[in-house]
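Report on the structure given below.
Within every chain, numbering begins at 1; the chains are lettered A, B, ... in the order of the sequence lines, protein sequences first and strands thereafter.
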2 protein chains.
Amino acid sequence: MGKGNPSIPSAGEGKRGEQGYLGYLLRQAAGAYRLKVERALDEFGVTQAQFAALTMISAYPGLSNADLARLAVLTPQTASVIVGNLERAGSLIRRPHAVHGRIQHLDLSDSGRALLKKCRERVYKLEGELTAGFSAEEERAVRRWLVAVATADAAQP
Amino acid sequence: MGKGNPSIPSAGEGKRGEQGYLGYLLRQAAGAYRLKVERALDEFGVTQAQFAALTMISAYPGLSNADLARLAVLTPQTASVIVGNLERAGSLIRRPHAVHGRIQHLDLSDSGRALLKKCRERVYKLEGELTAGFSAEEERAVRRWLVAVATADAAQP
DNA sequence: AACAACATATAAGAGCTCTGATATCATGGG
DNA sequence: CCCATGATATCAGAGCTCTTATATGTTGTT
């Protein structure tokens, strides 16, 4: 069963193309774009998840780990791992809550802000390529669909 | 910065909604759907990646680990991990290639076929919910977009 | 026959993500 | 006042995914 076997389609062909399962296409697209982002950010050693976290902390300075998890649709444990790696890299700072003894505020460090700025330039280029060849109306449909999938209640019967 | 802070939007609101970055929305949607699938398959202990692998092996019996990686847009190493876990669970069988001394054919075991059948019923339900509230034309646009993102050359300048 | 080029498999190491469990802290009802 | 409830943080374990590196097998060229 080598690469020349005509019964195995390539990505975008046959069942793996526009006639395939939406869930499968979604999985493939997200994986491909994630890889593309991480290749673009490889020079800085920043992952897609880290870029998302940096963006969130930049937009909402002083949030907690639990806040970040809610924003990024992650579990607090996952967020904690990402925050730990970013802290180890010196990109963010943990500050204890003034009153609450458990909460820790998160803020970008100066180097974290500079890093985010550099990453943004590259990711924005990719973001722009994401809509090439699609009308405004089609893009609207895509956006509405993605939001609908992301907000569908997972605990539904 | 508790949950009541009005400056932090929920998923689907503000910048996290239809006006947000497409890459971010894609990441969110794929994560949410992956979780939904794995919750539906939790009873069987099957992950989304394993379901995809089982489906591929069922559709193209006798493929190799490298074939599977190409089909699923994964590295051979990643595919090898998934295959290893499925083999350990007894869902698939490795057969040595008749001629080529290195290649191993993959096939579902009887229990693997039965498992896939049960998983399919549940996942197909979710797949059906994925298009609720969207016209055929909109769905076409979404499919075309997902395929375009998945097949965009990652090595592009 | 020997070597180069390519394909396949696999191991190691890192990061992401989940579930489950544990500990700490805050708040409200008895 | 004390405790139940809920929020926060964190540890441990598992699976997925990548990169890098290594070993083995096949094929075509010289």
Exercise. Side chain to side chain contact (heavy atoms under 4.5 Å, CB included) with Gln28(B): which of Thr151(A), Leu74(A), Val149(A), Val73(A)?
Worked result: Val73(A)
For this session: Just call it for Gln50(B): base, sugar-phosphate, or nothing, with non-hydrogen atoms closer than 4.0 Å on any strand.
Result: sugar-phosphate
Under 4.0 Å between a side-chain N/O of [X] and OP1 or OP2 of [N], yes or no?
X: Arg70(A); N: dT8(D); value: yes
X: Gln104(A); N: dT10(D); value: yes
X: Ser80(B); N: dA9(C); value: no
X: Thr78(A); N: dC18(C); value: yes
X: Arg94(B); N: dA9(C); value: no

Exercise. Any N or O donor-acceptor pair linking the side chain of Gln77(A) to the base of dG20(C) at under 3.5 Å?
Worked result: yes
Exercise. In Å, rounded to the nearest 0.5 Å, how long is the span from CD of Gln48(A) to NZ of Lys36(A)?
Worked result: 12.5 Å
Exercise. Salt bridge check: are Asp42(B) and Arg39(B) linked by an N-O gap of less than 4.0 Å?
Worked result: no
Exercise. Less than 4.0 Å between a side-chain N and a carboxylate O, is that true for Lys118(B) and Glu43(B)?
Worked result: no
For this session: Would you jot down, in residue-number order, the residues of residues 82-91 of chain A having a non-hydrogen atom under 4.0 Å from DNA chain C?
Result: Ile82(A), Asn85(A), Arg88(A)
Exercise. Rounded to whole angstrom units, what separation is found between the CZ atom of Arg34(A) and the C1' atom of dT19(D)?
Worked result: 12 Å
